[in-house]
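Let me begin by presenting the structure, written as structure tokens, before commenting on it.
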Amino acid sequence: MTSREASRRVDELREEIRRHDHRYYVLDDPEISDARYDALMRELRELEETHPGLRTPDSPTQRVGGAPAGAFGVVVHAVPMLSLENAFTEQDVRDFDRRVRERLDVESVRYSAEPKIDGLAISVRYEHGRLACAATRGDGTRGEDVTANVRAIRSVPLSLRVPSPPAVLEARGEVFMRRSSFELVNRRAAERGEKTFVNPRNAAAGSLRQLDPSITANRALDVYFYGLGAVEGWPVPPRHSEVLAALRQLGLRTCPATDVVDGIEGCLDYHARIGRARDELGYDIDGVVYKVDRLDWQRDLGFVARAPRWAIAHKFPAQEETTVVLDVEFQVGRTGALTPVARLKPVFVGGVTVSNVTLHNMDELARKDVRVGDTVVVRRAGDVIPEVVRVVTDLRPDDARVVELPARCPECGSHVSRAEGEAVARCSGGLVCGAQRREALRHFASRRAMDVEGLGDKLVEQLVAADRVRTPADLYTLTADELAALDRMGSKSAANVVAALGRSRRTTLPRFLYALGIRDVGEATALALAGHFGTLERLEAASREDIEDVRDVGPIVAAHVRDFFDEERNREVIAALRRHGVHWPEAEAPRAATSGRLAGETLVITGTLEGYTRDEARAAARAAGAKVTDSVTRKTTMLVAGADAGSKLRKAQELGVPVVEEAEFRRRLGAGAGSGD
Ligand code: IVH
């Protein structure tokens with residue numbers, strides 16, 4: 001290749017790479033694969049190596065290159081970089097809008113509304129279209145020269161995409177790190193045993209101030225531009241929203257969530273909208289910014305101290321705050337599970353005051369290594385329950401106390417046990433344990449269980465403390481008179497509770513099973529058990545294997561159910577409940593497994609059947625006396641294989657299990673040829 005040809009090809013490649021950068025980073029609409037992009041870069045890099053004379057500083061290959069920056073130089077901002085006034089309440093924003101309208105003497109103002117990105121401010125200076133200098137905000141007048149690092153950010157173009165670029169254009173914006181990149185950066189750092197960053201903002205700041213620009217490239221920083229600094233030889237459009245559009249035209253990324261809104265109501269609506277979308281943005285924001293859209297009005301309004309009168313930041317409540325762990329206590333749940341709960345110095349976060357946070361279990365506690373006395377980062381995003389994100393280990397006092405699992409239940413003093421390999425520790429006290437009793441009664445009376453209206457937490461607590469109610473059956477012996485004698489109970493509410501207990505006697509089998517509080521038996525499982533066995537007696541008599549036959553019931557849940565009914569005390573409670581009149585309509589008994597055309601068969605259904613859905617086929621097989629299971633084992637006596645049967649068919653063939661097709665299955669069921677009924 002002659003140098004003329006090389007020069008032409010280099011130009012072509014650069015143009016093409018810039019176009020793809022623009023599509024990828026600015027338009028979010030890449031045309032080519034990463035591999036193809038890398039190939040273009042490789043070709044360009046090779047040509048520049050063989051023809052060093054063709055290498056120019058704005059070549060895409062020079063993003064990460066040159067000498068490390070060394071100590072950062074100082075840049076004096078031609079136009080100072082200001083900050084914003086903050087508004088925390090709706091009233092603050094209304095006051096801002098009123099001041100703006102009064103000064104301008106206008107009825108209503110149109111605003112540019114933008115996310116306030118939680119990163120760090122940057123000013124990028126282009127001279128004759130080429131990236132000349134990039135600087136941090138610093139004190140607003142002087143910043144640090146981070147040109148080499150900013151060049152490594154792929155969404156910052158090294159040259160502007162216009163035929164006749166402005167003599168000078170300073171674009172102001174925010175450098176930030178997406179949450180996904182932040183997680184990746186931290187995971188890599190942790191793997192190498194290096195220090196991790198506290199949040200994406202710190203990671204962005206740390207990366208931008210790295211002395212080795214290639215690290216900046218690794219860390220995938222991003223930028224959104226939101227305004228202008230010094231400009232020469234460029235016609236600035238009359239509105240801020242048009243400035244942003246023009247910056248985009250030049251190849252400078254702007255935030256896609258930016259909008260133009262009318263008046264204060266438009267602002268507040270935008271704030272609410274972005275607030276709802278906050279978690280889905282993929283990057284952290286700490287509020288929104290409203291800016292008077294007309295630039296002539298901005299000039300009229302001017303500045304106070306270091307902030308413009310024409311803009312305001314409307315902050316969101318912080319989602320993360322730090323506070324101190326005062327203590328870690330253990331709460332005992334219905335099934336005896338001990339949950340460590342951190343008692344915190346109250347902290348306002350995510351719009352609420354948080355003073356207790358669950359640490360879930362001992363494994364989670366150990367993983368986060370939370371100690372009493374530690375300073376922790378607490379997060380509450382949206383409606384999500386607050387959590388301890390991490391410990392600020394730098395602030396750990398010498399006397400911070402490691403939390404140990406108590407040997408005895410804090411409620412009843414019974415032994416605490418933790419099965420090997422299990423994260424959850426349990427109190428072995430069963431119904432002796434006041435906490436378990438309380439929780440069991442609360443659950444029994446809850447709306448989706450026996451639905452005893454008026455039997456609230458406080459009442460349950462009193463009844464348990466007085467040892468008046470030990471089991472759910474005791475509830476049905478309560479009288480209005482004795483209830484009325486309790487704290488905070490009038491005779492009217494006492495009568496209401498007794499009436500509600502009376503109504504609750506008439507229930508359904510699924511509700512009753514759910515109300516018993518058998519470990520891992522939620523509403524869906526209770527429904528499936530009731531549907532399968534039809535009566536409580538049949539369920540009580542069922543073996544673990546029989547229970548495993550119920551749809552979606554695995555061996556662990558089946559064992560819990562069996563254990564529950566094996567426990568004499570539980571059977572006594574059930575008998576007492578029935579004596580007190582708790583009843584439900586008996587379902588028609590499913591046909592006994594000893595009769596029916598498929599009696600004695602253990603059957604698996606796989607693939608797609610034509611005449612039945614999978615559930616219909618299972619139900620039909622069960623009605624015909626078969627035991628239907630999910631996986632093919634040596635015990636399986638028949639595999640019904642529909643279309644596209646896969647691994648179960650192979651397994652059946654391996655084990656020599658007889659395989660039948662749909663027509664044969666239908667014949668064995670004794671069903672007609674045309675329908676699945
Ligand atoms: S405008 C003169 N717009 O917030 C107006 N700032 O306290 C200057 N920020 O230092 C700022 N997103 O780092 C503006 N859409 C946005 C912003 C934004 C984030 C940051 C910026 C600035 C600070 C103001």
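Counting starts at 1 for both ligands and their atoms, following the listed order. Any value given below was found using the heavy atoms of this structure, including those in side chains, with hydrogens, waters and symmetry copies removed. Because the structure is predicted, anything quoted here is derived from the model rather than measured.
Between Phe303 and Trp310, the ring planes are perpendicular. Angles over 60° get that label, and only those under 30° would be called parallel.
Summary of contacts: the protein heavy atom closest to atom 12 (N) of ligand 1 is Ile117 N, 3.1 Å. The nearest protein atom to atom 8 (C) of ligand 1, hydrogens excluded, is given as Leu82 O, 3.8 Å; this is a heavy-atom distance. For atom 2 (C) of ligand 1, the closest non-hydrogen atom of the protein is Pro308 CG, 3.7 Å. Among all protein heavy atoms, the one lying closest to atom 23 (C) of ligand 1 is Lys116 NZ, 4.0 Å. Closest protein heavy atom to atom 15 (N) of ligand 1: Glu114 OE1, 2.8 Å. Summary of contacts: the protein heavy atom closest to atom 11 (C) of ligand 1 is Tyr226 CE1, 3.8 Å. Among protein heavy atoms, atom 9 (N) of ligand 1 sits closest to Glu174 OE1, 3.5 Å.
In summary, the side chains of Thr89 and Arg94 do not present any donor paired with an acceptor at a separation below 3.5 Å, with no hydrogens or angles considered. Under the 3.5 Å distance criterion, with hydrogens and angles disregarded, no donor-acceptor pair is assigned to the side chains of Ser112 and Asp293. Side-chain contact, Tyr111 with Asp97: a donor N or O sits under 3.5 Å from an acceptor N or O. For the 3.5 Å distance criterion, the side chains of Arg343 and Asn356 qualify, holding a donor opposite an acceptor. Counted by atom type alone, Arg45 and Thr61 present zero donor-acceptor pairs between their side chains at under 3.5 Å.
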Audit row: Phe176, Tyr224, ring pair (Phe, Tyr, Trp, His ring centres under 6.0 Å) steps and yes/no: CA-CA 8 Å; Phe176 64 98; Tyr224 282 142; 5.0 Å; yes
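Not less than 6.0 angstrom separates the ring centroid of Phe96 from the ring centroid of His314.
Residue contacts with ligand 1: Lys291 is included, with a non-hydrogen atom under 4.0 Å away. Residue contact annotation: Pro115 has a non-hydrogen atom under 4.0 Å from ligand 1.
For ligand 1 and Ala121, the ligand atoms under 4.0 Å from any heavy atom of the residue are 10 (O), 13 (O).
Among the atoms of Leu84, some N or O lies under 3.5 angstrom from an N or O of ligand 1. Looking at ligand 1, you won't find any N or O of Val289 less than 3.5 Å from one of its N or O atoms.
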